[in-house]
Amino acid sequence: MSAKTNRALLRTYLRPEWLRFTVLTILLISGIALQLVGPQILSIFINTVSADGAVATLKWLGMVYLVVAGVNLAVGVATTYLGQDVGWRTTNALRADLASHALRQDIAFHHLRTPGEFIERIDGDLTALANFFSVFIINVLGSALLLAGAIVLIWLIDWRAGLALGGYVVLTLGALLVLRHFAVPAGVLERESSATFLGFLEERVAGIEDIRANGAGHYVLRRFYEVLRLWYHRSIGVWMRRSVIWSTTTMLFALGYSLMLGVAAALYFDRAISLGAAYLLFQYTLMMQRPLDLLTQQFQELQRSLASIVRARELFAFQPTIRDGPALPRHVAGAASMTFDHVTFAYRKGEKPVLSDLDFSLSPGEILGLLGRTGSGKTTISRLLFRLYEVETGAVLLDGVDVRQLRLGDLRRRVGLVTQDVQLFHATIRDNLTFFDPAISDDQIHQAIATLGLTDWFMRLPRGLDSEVSSGGGGLSAGEAQLIAFVRVFLRDPGLVILDEPSARLDPATEALIERGVAALLRGRTAIIIAHRLGTVRRADTIMVLDHGAIVEFGPRQSLVDDPTSRFAELLRVGLDEPVSAAAPSAEVNV
Ligand code: ATP
Ligand code: MG
């Protein structure tokens with residue numbers, strides 16, 4: 001994709017729609033012709049009247065005029081419909097490709113960009129492009145054809161009249177372009193501050209709990225006024241400019257009308273043209289206003305659309321550094337084995353490594369309890385295992401194969417993860433459990449719920465699997481979110497499970513529920529439990545203590561417990577095993 005030019009990119013998405021484009025062009029041209037024919041009929045009508053022609057002819061002319069007007073209307077509707085249709089079809093294909101391209105990018109790529117930026121790139125830009133295909137093509141092509149057609153028709157009647165109309169069109173077009181040129185920068189500033197305002201509002205609303213709890217309402221409100229004031233001033237500036245431009249334009253058109261009326265009258269009284277032709281000249285001048293307006297307006301749209309094509313290409317040019325391994329024909333089931341082979345890793349090249357020379361293995365079915373201060377690199381281990389990031393030196397092996405050799409899909413099916421904060425979607429419980437996979441039947445879900453010992457919890461849901469979860473998990477407790485994450489992982493039946501325990505503490509009832517869930521989830525699987533509470537590592541076979549990305553202790557849990565000089569034994573002695581006092585909340589994460 002990266003080598004493609006703008007034109008090649010457009011061609012890829014336009015080609016499948018060529019038939020629609022052809023029909024659109026035909027409709028467009030017929031529409032223009034009909035628009036130009038209307039006044040011609042009236043012109044003949046006027047000439048017939050002034051020559052005292054037959055009433056029957058006039059009636060006929062009236063009928064024809066009505067039919068032409070009706071057909072014109074229908075063609076107009078069809079053109080607009082087809083234009084929108086073509087515009088959205090082409091850009092939707094592009095939108096889908098861009099979205100899936102973005103989803104394939106490295107996690108690091110996403111860390112560098114805000115969700116807002118993506119929405120703007122994948123949706124905002126392409127809406128501009130959709131407009132380009134539909135509105136722009138119709139407006140610009142249509143307007144240009146209409147202008148040219150009118151000038152030619154008038155020229156055929158009298159070249160002086162044609163020259164006058166042509167001159168009028170060119171001058172007005174130039175004047176409008178200059179005028180609008182002044183309006184654009186102000187408009188950009190205004191949109192920018194409206195975006196700032198909305199962004200500000202969204203962020204504060206999302207943080208409402210923290211803001212309230214910290215009594216920061218006044219500060220937020222003060223900032224709110226500042227942002228609002230800027231927007232207000234800029235809006236007023238923009239509207240002032242717009243109204244000046246609007247009145248100038250109106251005057252310009254009025255001036256043009258009087259001029260052309262003068263020309264038509266002069267030619268008529270000179271007997272150079274008929275009364276009908278004079279009417280035609282004036283009527284065509286009136287008809288020029290809309291295309292002139294549209295042409296100059298669309299000139300800016302064109303620039304915006306070109307910019308969005310460039311940005312789409314930029315996005316396509318990004319390639320993930322993490323690529324799928326070769327497709328190995330593998331059917332591994334059951335508990336997985338896993339090895340970190342002298343792994344060193346830093347999030348950014350050249351920085352101090354977050355993990356240094358990590359070297360350990362887990363055999364199938366083994367449960368590792370992973371302990372360490374906050375920031376010691378526990379979560380990073382799970383990210384490497386998922387190949388969300390690439391190791392710098394060394395290798396991570398799953399079932400004896402380097403993860404770089406595996407298909408990402410296979411790898412991520414083989415490893416299940418329950419993260420520190422579970423992401424819930426605004427959807428039903430069912431969709432939240434299956435990750436929108438319709439292949440998973442309700443029976444399977446019910447069975448998973450039962451196996452994990454969550455039937456009681458499930459029975460309390462108001463509408464069973466159809467209960468709605470609001471976005472961000474509102475309405476569900478942290479514990480319940482964890483339970484959902486368990487079922488999710490269980491349904492995918494991975495060979496290795498990573499539990500990155502939430503550091504928030506749960507009420508005893510939920511905790512007991514989770515304990516049971518964990519036991520069921522880990523049965524027959526290899527596991528890494530990243531523990532913030534010593535209680536959870538009681539089920540571990542092996543203990544690993546990390547400090548600043550290095551292993552400071554690794555061994556069978558029981559022998560560490562028995563060895564009074566071990567760090568683990570010391571941790572147990574310090575009494576972190578059971579409820580941590582509220583006065584020392586930091587101790588909880590510093591196990
Ligand atoms: P916690 O107990 O708080 O969950 P952790 O042991 O899981 O901590 P990690 O999340 O693995 O710690 O982080 C290890 C180090 O890497 C920290 O110093 C952290 O600041 C850094 N780090 C984590 N994620 C990133 C990232 N995406 N980019 C850069 N640095 C990161
Ligand atoms: Mg962590």
Side-chain angles (χ1 to χ4, degrees), residues 102-115 117-118 318 320-322 338 340 342-360 362 368-394 396 403 415-423 478-479 481-482 485-486 489 496-506 514 518 527-537 540 542-554 567-568 571 574 576-577 580 584-591:
L103 287 175
R104 274 201 307 275
Q105 297 300 315
D106 299 345
I107 294 287
F109 172 91
H110 290 280
H111 277 315
L112 291 177
R113 285 166 187 80
T114 61
E117 189 184 331
F118 266 111
F318 271 103
T321 53
I322 294 177
M338 186 226 73
F340 268 63
H342 296 283
V343 169
T344 298
F345 170 78
Y347 280 100
R348 272 175 283 275
K349 286 226 167 353
E351 272 182 12
K352 189 175 165 296
V354 171
L355 296 178
S356 37
D357 200 32
L358 221 57
D359 193 55
F360 70 98
L362 294 180
L368 175 76
L370 181 52
L371 302 171
R373 278 174 209 288
T374 174
S376 56
K378 304 183 297 293
T379 301
T380 307
I381 289 185
S382 67
R383 290 186 182 139
L384 290 185
L385 197 46
F386 263 99
R387 214 169 153 228
L388 294 181
Y389 294 90
E390 210 81 282
V391 296
E392 215 168 270
T393 55
V396 178
V403 289
V415 185
L417 174 68
V418 180
T419 51
Q420 280 173 308
D421 51 338
V422 180
Q423 186 66 52
Q482 286 284 309
F486 285 167
V489 171
L496 173 73
V497 174
I498 305 169
L499 288 181
D500 202 342
E501 223 185 32
S503 36
R505 296 208 298 121
L506 306 164
I514 287 195
V518 170
I528 299 178
I529 304 178
I530 302 175
H532 291 273
R533 286 162 301 203
L534 287 176
T536 353
V537 291
T542 315
I543 293 290
M544 179 160 110
V545 183
L546 266 190
D547 192 23
H548 291 100
I551 301 176
V552 289
E553 193 163 271
F554 185 89
R567 293 215 182 196
F568 187 58
L571 286 175
V574 184
L576 290 178
D577 198 356
V580 192
S586 62
E588 187 187 4
V589 277
N590 288 342
V591 232

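Numbering of ligands and ligand atoms starts at 1, following listing order. It should be emphasised that the depicted structure is a prediction, and the values quoted were computed from it without experimental measurement. Side chains included, hydrogens not; waters and symmetry mates left out as well; all remaining heavy atoms used.
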Legend entry - Nearest heavy-atom neighbours spanning Pro353 and Ala346: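 Taking Pro353 first and Ala346 second, the nearest heavy atoms are CA-CB, 3.8 Å.
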
Legend entry - Distance-minimising heavy-atom pair for Leu546 and Ser376: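 The pair with the smallest heavy-atom distance is CD1-O, 3.7 Å.
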
Legend entry - Residue part near ligand 1, for Val354, under 4.0 Å between non-hydrogen atoms: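 Answer for Val354: side chain.
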
Inset, instruction - Between Tyr389 and ligand 1, find which residue part has any heavy-atom pair under 4.0 Å and reply side chain, backbone, both or neither. - result: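 Just the side chain.
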
Numbering as shown, the atoms of ligand 1 that approach [X] to under 4.0 Å (heavy-atom distance):
X      : value
Arg383 : 23 (C), 24 (N)
Arg348 : 29 (C)
Thr380 : 9 (P), 11 (O), 13 (O), 14 (C)

Inset, instruction - Hey, can you tell me if Phe340 and Phe360 have their rings parallel, tilted or perpendicular (30° and 60° cut-offs)? - result: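 Ring orientation, 0 to 90° scale: parallel.
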
Inset, instruction - Return yes or no for this condition: an N or O of Lys378 is under 3.5 Å from an N or O of ligand 1. - result: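 Yes.
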
Inset, instruction - Please find out if the Mg ion (ligand 2) and some N, O or S atom of Thr374 are separated by less than 2.8 Å. - result: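 No, since none of the N, O or S atoms of Thr374 sits under 2.8 Å from the Mg ion (ligand 2).
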
Inset, instruction - Nearest heavy atom to atom 18 (O) of ligand 1 wins, so pick from Gly375, Gly377, Ser376. - result: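 Among Gly375, Gly377, Ser376, the closest heavy atom to atom 18 (O) of ligand 1 comes from Gly375.
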
Inset, instruction - Compare Thr374, Asp500, Ile107, Thr379 and give the one whose heavy atom is closest to atom 3 (O) of ligand 1. - result: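 Looking at heavy atoms only, Thr374 sits closest to atom 3 (O) of ligand 1.
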
Legend entry - Side-chain donor or acceptor of Gln105 paired with backbone N/O of Phe318 under 3.5 Å: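 Yes; at least one donor-acceptor contact below 3.5 Å.
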
Legend entry - Pair Val489-Leu417, side-chain contact (heavy atoms from CB on, under 4.5 Å): steps then yes or no: CA-CA 7 Å; Val489 171; Leu417 174 68; 5.8 Å; no

Legend entry - Proximity flag Gly372 to ligand 1, non-hydrogen atoms under 4.0 Å: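 The answer is no, since Gly372 has no heavy atom less than 4.0 Å from ligand 1.
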
Inset, instruction - Taking atom types as modelled, find out whether Thr380 and Tyr347 have a side-chain donor-acceptor pair closer than 3.5 angstrom. - result: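 The criterion, which ignores hydrogens and geometry beyond distance, is satisfied for Tyr347 and Thr380.
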
Legend entry - The single option from Asp500, Thr374, Thr419 passing side chain to side chain donor-acceptor pair (under 3.5 Å) against Thr379: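 Of Asp500, Thr374, Thr419, side chain to side chain donor-acceptor pair (under 3.5 Å) with Thr379 is met by Asp500 alone.
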
